[in-house]
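For clarity, every value in this text was computed on a predicted model and none was experimentally measured. Chain identifiers are assigned alphabetically (A, B, ...) following the order of the sequence lines, protein sequences preceding nucleic acid strands; residue numbering begins at 1 within each chain.
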Number of protein chains: 2
Amino acid sequence: MKIDFDGIQAFVVIAELGGFNKAAEHLHVTQTALTRRIQKLEAYLDLKLLDRTTRYVELTAVGREFLPQARVIVGEMTAAVSRLKDMSKNSRGNFTLACVPTMAGQILPKLMREYAKSCPRNRIRLLDATSYEVRDAVLNSQAELGIGIHGEQHPDLNETPLFDDPLMFFCRESNPLSSRESVTWSDMSDADLIVVSNLTATRVFMDYQLAKRGISLSGAYEVQHHATAISLVAAGVGCAILPASTFQEGDRPGVRRIPLVSPIVKRKVILITRKNNTLSPAAEAFFELIKKTHFGLTPTT
Amino acid sequence: MKIDFDGIQAFVVIAELGGFNKAAEHLHVTQTALTRRIQKLEAYLDLKLLDRTTRYVELTAVGREFLPQARVIVGEMTAAVSRLKDMSKNSRGNFTLACVPTMAGQILPKLMREYAKSCPRNRIRLLDATSYEVRDAVLNSQAELGIGIHGEQHPDLNETPLFDDPLMFFCRESNPLSSRESVTWSDMSDADLIVVSNLTATRVFMDYQLAKRGISLSGAYEVQHHATAISLVAAGVGCAILPASTFQEGDRPGVRRIPLVSPIVKRKVILITRKNNTLSPAAEAFFELIKKTHFGLTPTT
DNA sequence: CTTGATATATGCGCATATCGCAATAGATTC
DNA sequence: GAATCTATTGCGATATGCGCATATATCAAG
């Protein structure tokens, strides 16, 4: 025999309101239905929960004992269900987003402000990590969404291209190249170059792209973080090659960002999701938002 | 739309066992049924709980969030229901019995031992109180059953006669009346009488019965409890008039209990229940037991 | 690439549970 | 004793849920 939630709920409401009619109105059914539910429940349990004349309803000893438990059950049940319904209806809830630090610092703040406007009560748990860690986080469901860099494909992951992020040349205004419209890789052969560590996806990607074209770079300095590199440039230590998105024009006075061509090397910024995994409504809302957003950089072709 | 316990249970079992088929076997239904339950539940909630290919089942982010709650709900539900079913099937549970002290000391121990044999895990909460308090306790449902003395009827109470409890004459063996087969009220006119306080139902009843026949008694001593009266008799202070059930032949060496006639005055010991109130299975079992029991005293006519 | 094994989804028909309406029956009030 | 209030019951209409057979998708093996 199946467990009968309706019956228990009927019992609680009747006990609470003290009558079948009041309970029926409250539950939006006829009083007849409640009579039947209680009868069925009592038959199933093989005991009486309510002593009722045609005039009065009263709890039996067993009913009194059961009522608090029943109240808890019904309460938790309806609470949990309505939480879930609410979650779907209003895209409410929390989710985890994994993101590489560059993007976390540049495009994410805007996105999160935007998201907060449409879903004010949602929380995004932000996991900032290296490109590889972002992929792993999405793969093992630590994060529902990941913002990372296109690299090796994985059969269980879906990638949605967001925009291209070309490598650019960063220097002080005092640098002889600073007035150029664009700079070629060969222009920098004797510059004091600051590059990011070869533990980062940016560097690995860059080396790979240049090697294909037979270009080799001698970095004078190697740092861990993009932000550090920019600070060094600002301090006049040298020039840097960094993704365009690292920097917005005007972020730092005295620092210029110049397109780097021959060839143009650009990493693809992507949104990562797991295949065959339905997003939670909260994450889905973010996904829709990010797809609608136009980023201020070259859109992916 | 109605809240669907089956769906939630299906969700939990599927999540726990990792597949529809295993869950179907566990729930003794076909796999088809589970597919439908989950579909219905997801449609109702308007979100996905399980990501499933035809090959694999996996929780969605929302599903993972919901699972612990669902587990609690299902657990409490089934636990509560099976407790109730067990209660009815094995007459398990506890109940409260109100009882006048005389009976609590004499017939109850036997009954409770008997009851413990058939329902070993049940507890009887014993409320020993005056005859009036017993009635009140049953009336306001503090106790399901009451053992008391017949007196005024009450429209909301049912009385089941148990046995008649005649008043008897108690004296030491050294008393001149001790060898008599019976004693009349007039025999005791000049004895040192010990009677219970006129705050007790026994005394009120006795006075009323005697007054009807124009007999008046001069009590030399007045005590609160029957047990005290007997102790005084044993100590040779005087003779006492007490209900027969107070005392079993041989309880106290040297004390005799002699029928008191002309007239025979007997109080009726009754079992009190509330009208229109279904007894709990535990109390019901006790009720049946007490009705089957033959008491060693005059059965009620 | 095809085939077989395995796990979920679906079409369909049946059994029955559940509901609402209308009428009934029990209890209280005046 | 009539009026009234409340729970119960008979009955027909409908919805729900199930199982069987089958379809479909995925993975593994040859």
Side-chain angles (χ1 to χ4, degrees), chain A residues 1-45 48-60 63 154-158 274-278, chain B residues 1-45 47-60 63 81 154-158 274-278:
Chain A
M1 183 87 175
K2 282 180 0 186
I3 288 183
D4 174 19
F5 177 80
D6 289 348
I8 294 179
Q9 190 190 34
F11 165 68
V12 170
V13 177
I14 292 170
E16 220 110 76
L17 302 183
F20 281 63
N21 280 308
K22 274 168 266 180
E25 191 179 352
H26 184 261
L27 291 174
H28 308 295
V29 291
T30 56
Q31 170 265 338
T32 316
L34 294 191
T35 296
R36 298 257 158 73
R37 287 187 192 175
I38 295 294
Q39 286 173 338
K40 185 186 160 201
L41 180 64
E42 289 184 335
Y44 170 57
L45 295 174
K48 300 209 73 174
L49 292 170
L50 296 169
D51 271 320
R52 39 201 196 277
T53 69
T54 58
R55 195 101 189 132
Y56 255 49
V57 174
E58 201 175 358
L59 290 167
T60 64
H154 188 287
D156 288 351
L157 294 179
N158 270 330
R274 277 195 67 175
K275 269 182 189 157
N276 300 326
N277 266 58
T278 308
Chain B
M1 183 84 174
K2 284 179 359 186
I3 288 185
D4 174 19
F5 176 81
D6 290 348
I8 294 179
Q9 189 189 36
F11 165 68
V12 170
V13 177
I14 291 170
E16 219 110 78
L17 302 183
F20 281 63
N21 281 306
K22 276 168 265 182
E25 191 179 351
H26 184 261
L27 292 173
H28 309 295
V29 292
T30 58
Q31 165 265 329
T32 312
L34 294 192
T35 295
R36 297 255 159 74
R37 286 188 194 175
I38 295 295
Q39 286 173 340
K40 186 186 161 201
L41 180 63
E42 289 183 334
Y44 170 56
L45 295 174
L47 45 78
K48 300 208 72 174
L49 292 171
L50 296 169
D51 272 319
R52 40 199 196 279
T53 69
T54 58
R55 195 105 188 125
Y56 249 53
V57 175
E58 202 175 358
L59 289 168
T60 64
V81 168
H154 189 286
D156 289 348
L157 294 179
N158 269 331
R274 277 196 67 174
K275 267 181 190 158
N276 301 326
N277 267 60
T278 308

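- For the pair B:Asp51 CG and C:dA7 C1', the interatomic distance rounds to 16 Å; values are reported in whole Å.
- For the pair A:Arg274 and A:Asn158, the minimum side-chain heavy-atom distance is 4.5 Å or more.
- Judged as a side-chain hydrogen bond (donor to acceptor under 3.5 Å, both in side chains), and not counting sequence neighbours, the contacts of B:Thr35 are B:Gln31.
- The side chain of B:Gln39 lies closest to C:dT10, out of D:dA7, C:dT10, C:dT8.
- B:Tyr44 has its OH atom 13 Å from the P atom of D:dG17, to the nearest Å.
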In B/S/- notation (B base, S sugar-phosphate only, - none; protein heavy atoms under 4.0 Å), nucleotides 12-17 of chain C written 5' to 3' is B-----
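- In this structure a side-chain-to-backbone donor-acceptor pair under 3.5 Å is present from B:Glu42 to B:Leu49.
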Its contact letters, B for base, S for sugar-phosphate only and - for none at protein heavy atoms under 4.0 Å, make nucleotides 23-28 of chain D read -BBBS-
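- Close to C:dT8, at under 4.0 Å from its OP1 or OP2, lies no side-chain N or O of B:Thr35.
- Residues B:Asp51 and A:Thr278 have side chains that bring a donor and an acceptor to within less than 3.5 angstrom of each other.
- Within the 4.5 Å cutoff, the side chain of B:Lys275 has no heavy atoms near those of the B:Leu157 side chain.
- With values rounded to the nearest 0.5 angstrom, A:Thr32 atom OG1 is found 11.5 Å from A:Arg37 atom CZ.
- Considering OG1 of A:Thr60 and CG of B:Asn277, their distance stands at 8.0 Å, rounded to 0.5 Å.
- At whole-Å resolution of the value, CD in A:Gln31 and P in C:dC21 are 12 Å apart.
- Atom CD1 in B:Ile38 sits roughly 18 Å away from atom P in D:dT16 (whole-Å rounding).
- Summarising the local packing, CD of A:Glu25 is surrounded by 12 or fewer heavy atoms from other residues, nucleotides or ligands at distances under 6.0 Å.
- Residues from residues 16-25 of chain B lying near DNA chain C, meaning a heavy-atom separation below 4.0 Å, are B:Gly19, B:Phe20, B:Asn21 in numerical order.
- Of the possible donor and acceptor atoms, none in the side chain of B:Arg36 sits under 3.5 Å from a partner among the backbone N and O of B:Leu34.
- Comparing A:Asp6 and B:Thr32 by the nucleotide of DNA chain C whose heavy atom lies nearest to each, the residue mapping closer to the 5' end is B:Thr32.
- For C:dA9, the OP1/OP2 oxygens have a side-chain nitrogen or oxygen of B:Arg52 closer than 4.0 Å.
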Output a table of donor-acceptor pairs, distance under 3.5 Å, between side-chain atoms of residues 3-18 of chain A and any protein atom two or more places apart or on a different chain; print 'none' if there are none.
from	atom 1	to	atom 2	distance (Å)
A:Asp4	OD1	A:Asp6	N	3.2
A:Asp4	OD1	A:Gly7	N	3.1
A:Asp4	OD2	A:Gly7	N	3.4
A:Asp6	OD2	B:Lys2	NZ	3.0
A:Glu16	OE2	A:Arg71	NH1	2.0

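- Of the candidates C:dG20, D:dA7, C:dC19, C:dG20 carries the atom nearest the A:Thr30 side chain, counting heavy atoms from C-beta on.
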| said: Assess the residue pair B:Arg52 and A:Asn276 against the criterion (side chain to side chain contact (heavy atoms under 4.5 Å, CB included)); give the C-alpha distance rounded to whole Å, side-chain angles, the decisive distance to 0.1 Å, and a yes or no. | reply: CA-CA 8 Å; B:Arg52 40 199 196 279; A:Asn276 300 326; over 6 Å; no
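- Bending across the helix from C:dC1-D:dG30 to C:dC30-D:dG1, expressed as the angle between its end axes from five pairs apiece, amounts to 30° (10° rounding).
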